[in-house]
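Single-structure report; data block below.
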Amino acid sequence: MQSQYQPARIEQDAQQHWDSTGAFLAPDQPTGKPKYYCLSMFPYPSGKLHMGHVRNYTIGDVVTRFHKMRGYDVLQPMGWDAFGLPAENAAMANGVPPAKWTYDNIAYMKKQLKALGFAIDWDREIATCRPEYYKWNQWLFLRMLEKGIAYQKTGTVNWDPVDQTVLANEQVIDGRGWRTGALVEKREIPMYYLGITKYAEELLAALDTLPGWPERVRTMQANWIGKSVGVKLGFPYTLEGKSEVLRVFTTRADTLMGVTFCAVAAEHPLAAHAAKGNPALAAFIDECKRGAVMEAELATQEKKGMATGLTVNHPITGEAVPVWVGNYVLMSYGEGAVMGVPAHDERDFTFAKKYSLAIKPVIEVGGMTYSTEAWQAGYSDYGRCISSGKYDGLDYQAAVDAIAADLGAKGLGEKQTTWRLRDWGISRQRYWGCPIPLIHCDSCGVVPVPDDQLPVKLPEDLVPDGTGNPLNKHAAFLNCACPKCGQPAKRETDTMDTFVDSSWYYSRYACPDNDKSMVDARVDRWLPVDQYIGGIEHAILHLLYSRFWTKVMRDLGLVKFDEPFRNLLTQGMVLNEIFFRKQGEGRIKYFNPVDIDIRTDEAGKRTAMTLHADGLPVESAGIGTMSKSKNNGVDPQQLVEEYGADTARFFMMFTSPPEMTLLWSDAGVDGSARFLKSLWTFAADYEQTTKPHLAGAPALDAGGKLPEVLAATRREIHQNLKQANYDLGRFQFNTVASACMKMLNALKAAPRTNAAAHARVLEEGLSILLRVLSPITPHICHQLWRDLGLGEDILKASWPEAAASALVQDELELVLQVNGKLRGHIRAAPTASKEDIEALACGHEAVVRLAEGRPVKKVIVVPGRLVNVVV
RNA sequence: GCCCGGGUGGCGAAAUUGGUAGACGCAUCAGACUUAAAAUCUGAAGCUCGUAAGGGCGUGCCGGUUCGAUUCCGGCCCCGGGCACCA
């Protein structure tokens, strides 16, 4: 074998071996082995891989190879989430069609993935921008339309008045368009929606059927769906002689007697009515309607309101309650109107203080009465009604029930369940996406494209210019015949949200070649996904949409499972610093961290940040996840070229556990390179000088005892193996990597007292080490396995388990504490009784010294671990 | 603002069910080898007082429960993710 570790050479050889043997092609016909579907979230082809990809796909590969060696038929596919905004931006910047840019990126990134040696079944590769794929988006959309799950209504978008185009939230910076710097306006336009709220109850309840999902993701989804049970209350009023009712939803009907105002959203009909003949109010409503669409922005803006001059009647007392317009009331949630109870709601309290509205406490908690000068924690807690007439003394539930019953009789109250979840708007006024398969006909209206005319193909040669959707100017796409009446008609030019593409791709991997149907029987073999791996940033949207889409497909009889992902591992983000320069209002240019020079003073404090190319200063926007848009990704290419794929993979796994957020730094990568190099050198030396002693040496455990020093080495190997197997089971790969390092350290330190026994311990140790390490660094392990004559193909080797006989110890070391502080150690046989250990401890020099004659109060013995003597 | 995480040496981290805080590495320092450097090998090291033996402090901050708290409870600070058109 080679005496030097040459990663470039062995990595190429190993990859060729896997390719030529079809090692990672997943068999569609059952082989008698259990199946395991290991899926990593597919990448957006942004140009180059970044470290987040390397982390994600290495985690997936470790899981894949581990299960393969444990005897599963494993499917690990890969594809491309290929539609989206960045391709249009690149197209505008370079004058290249998004399709070309995307396909070039796919080709480059595929090469990078191959160089990393991932155990991927490339025969199943898909790209969502291919008509063979998105045809089925369109087909299923039409089925949803038939079922009433897809429907049309208006939605609000960001409008750039200069470019005359719809902007994504990301393209709005400080309320201005990113290219034009123009103040962004809100616009109402017709859109298509998917009725995810129809599935809200099931999406919430089924979270309990997903024990393999992280608790935090289930919590986030549950909060997002946001089921609240409350009461819809009516406040009657008279308008232009007609009797009307203002409806509000509340989860705190028990505080109804404390209502001192009502607030409606700017879009509420009552606000519009009041604004007639009230220019100040009309101006305020206009102001509320301007600005961004984002919830984060709405929620952080200053709470403002204006009285409408109208009043409604309190449904119990009949008292007049003033109606305000509030910029914090969302038209999209509940009824677009809320009742204001300043004494028991912090937001209402702030609003009431600001506008000098009455504050009326009607709940007491634990007999405490509250002052209403300033808000105190606890004011919004559940308690008993006071100053509430006939409801006095009732607790939360009794009060809600009584009030709902009383108002129900008058038609002014009913119990209701409200969801925070909104239906999914899928229309995008963009070119580079899946066309929505509809046709607009002057006589027939909106007509679905017949199935036999699918897919509606997206032209691939257009270059957008930033002013609206180029499909609107492309006659060949736009003009068509109405499928119903045959008259000239126009195609819908909106495309689908890219979340549609990613909502079902995992099923298509089972049957990527099927041009007759969306899915087939092979989906029943592989799905659901056994282990899904991807960034925590997808905890809500992508994962919720996929769950919804699965349930729709199930209800259409296409798949048999209820949930797509049995187990979920949410990888922590790989972060990096973000550098930028402001270029006029709203416009920002980002620079990659590798192009920034940072100078520091002697104390290590930063004194300057400049762009390498021009030496001029840049600003830091802090730390954020590696992304195309912030231009802070780090290309792993240099790492792979300098050290090899195995070192890159090992370092990624070693540096942090998978779920932890990771601030990128390649400091420490040398240690990983050193370990692999040192493993190679050790193995080569073993092959030369130690392996020959195996001839005639007795097998381990074959009778006869190992010399104690070698038994200790062997014990260390098996202890670390046990730990590694435990850690593989819980996906903590950093400690698997360190267990491998510890094994190598132990083997290096093994004394050569008995040549034959030494050779046996090393042989077993290397065989264990290589197998445990192989999912992380498959190339070097593949080569060494063969070079040391351990077998033909390590992928086909059995997974090692720790041997109980190797773990036996004659004596244990226990920690000795006095009053909870470490004061020494005692040695005892594993079989020693509690009394023996107590006696040993109390007689210990440190205990006698520290007790200073005081009596021993208590002795706590934790078997196998410690003794604590309390004096 | 709301929802969800995280915070441990100079740095990445470990500590499985409340039981030795800092395993394994990086960087550093000292030594060996070398004409020299690189590479490699050996050793030291949380901070602090002390020549040493030994002691005190220490897991973001404040408080609590416990024989014992990185781990459990209450309150706060900072950082990250998500907030529905980035993917």
Side-chain angles (χ1 to χ4, degrees), chain A residues 41 43-44 46 81 83-86 155 157-158 166-172 214-217 219-224 226 293-301 303 328 332 347 377 420-430 497-499 502 535-542 544-545 570 572-573 575 604 622-625 627-630 651 654-657 659-663 665 667-672 674-675 677-678 681 723 726-727 730 732 734-735 737-742 745 813-822 825 857-860 862 865-870:
Chain A
M41 290 181 186
Y44 177 78
S46 55
D81 188 13
F83 275 137
L85 194 56
V157 294
N158 304 303
V166 175
L167 297 178
N169 284 337
E170 191 190 52
Q171 298 172 317
V172 180
E215 186 70 44
R216 61 165 155 161
V217 175
T219 307
M220 280 191 261
Q221 291 216 348
N223 290 338
W224 183 265
V293 185
M294 282 104 87
E295 194 196 309
E297 195 144 319
L298 293 172
T300 46
Q301 72 192 0
K303 308 275 173 294
Y328 64 95
S332 55
R347 199 176 52 184
R420 211 189 73 95
L421 183 67
R422 308 199 295 262
D423 276 347
W424 175 12
I426 59 156
S427 298
R428 298 290 179 269
Q429 297 69 42
R430 299 238 175 79
D497 181 4
T498 55
F499 275 125
S502 55
I536 183 69
E537 77 273 26
H538 295 294
I540 295 173
L541 292 181
H542 162 60
L544 192 62
Y545 291 148
T570 46
M573 302 280 79
L575 308 179
I623 307 286
T625 159
S627 77
K628 180 85 186 166
S629 58
K630 299 282 162 60
F651 176 62
F654 178 65
T655 197
S656 186
E659 303 213 82
M660 195 180 278
T661 303
L662 170 64
L663 179 54
S665 158
V669 71
D670 283 337
S672 300
R674 261 201 291 267
F675 165 65
K677 195 174 158 189
S678 157
T681 314
Q723 183 66 49
Y726 179 81
D727 288 340
R730 58 172 180 164
Q732 188 171 288
N734 57 328
T735 46
S738 83
C740 291
M741 287 174 145
K742 289 177 186 174
N745 290 345
E813 191 174 61
L814 300 180
V815 163
L816 177 64
Q817 292 185 338
V818 179
N819 291 340
K821 293 208 170 201
L822 174 71
H825 295 90
K857 263 197 213 158
K858 196 170 170 185
V859 181
I860 294 135
V862 182
R865 281 197 177 265
L866 64 67
V867 196
N868 187 14
V869 181
V870 185

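Chain letters run A, B, ... following the sequence lines, proteins first, then strands; residues in each count from 1.
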Smallest heavy-atom separation, Lys630(A) atom then Ser627(A) atom, equals N-OG, 3.1 Å
Is the phosphate of A87(B), meaning OP1 or OP2, less than 4.0 Å from a side-chain N or O of Thr498(A)?
yes
Phosphate OP1/OP2 of G68(B) contacted by Asn819(A) side-chain N/O (<4.0 Å)
no
With the side chain defined as heavy atoms from C-beta on, Ala296(A) is closest, among C83(B), G25(B), A87(B), to C83(B)
Does a side chain donor of either Ser629(A) or Glu170(A) reach within less than 3.5 Å of an acceptor in the other side chain?
yes
Which of the following nucleotides, A23(B), G5(B), G1(B), is nearest to the side chain of Glu295(A)?
G1(B)
Which nucleotide in G19(B), G80(B), A87(B) has an atom nearest any side-chain atom of Leu85(A)
A87(B)
Check every atom of C85(B), U40(B), G81(B) against the side chain of Asn169(A) and return the nucleotide holding the closest atom.
C85(B)
With distance as the sole criterion, do the side chain of Gln429(A) and the base of C85(B) form a donor-acceptor contact below 3.5 Å?
yes
Between C85(B) and Asn158(A), is there an OP1 or OP2 to side-chain N/O distance shorter than 4.0 Å?
no
Where the side chain of Pro86(A) is concerned, which of A23(B), A87(B), G19(B) is the nearest nucleotide?
A87(B)
Regarding Thr625(A), tell me which of base, sugar-phosphate or nothing describes its non-hydrogen contacts under 4.0 Å with the strands shown.
sugar-phosphate
Leu541(A) CG to C4(B) P: how many Å, rounded?
16 Å
N/O (side chain, Ser656(A)) to phosphate O (OP1/OP2, A13(B)) under 4.0 Å
yes
Would you mind classifying the nucleic acid contact of Val157(A) as base, sugar-phosphate or nothing, using non-hydrogen atoms under 4.0 angstrom?
base
With a 3.5 Å cut-off and heavy atoms only, can you find an N or O donor on one side and an acceptor on the other between the side chain of Gln817(A) and the base of U20(B)?
no
If the glycosidic angle sits within 90 degrees of zero it is syn, else anti. Tell me which applies to G10(B).
anti
Considering just the side-chain nitrogens and oxygens of Asn745(A), establish if one lies under 4.0 Å of OP1 or OP2 belonging to G25(B).
yes
What nucleotide, of G25(B), G80(B), G68(B), holds the atom closest to the side chain of Phe654(A)?
G25(B)
Proximity to the side chain of Ile540(A) - top-ranked nucleotide from G82(B), C86(B), A15(B):
G82(B)
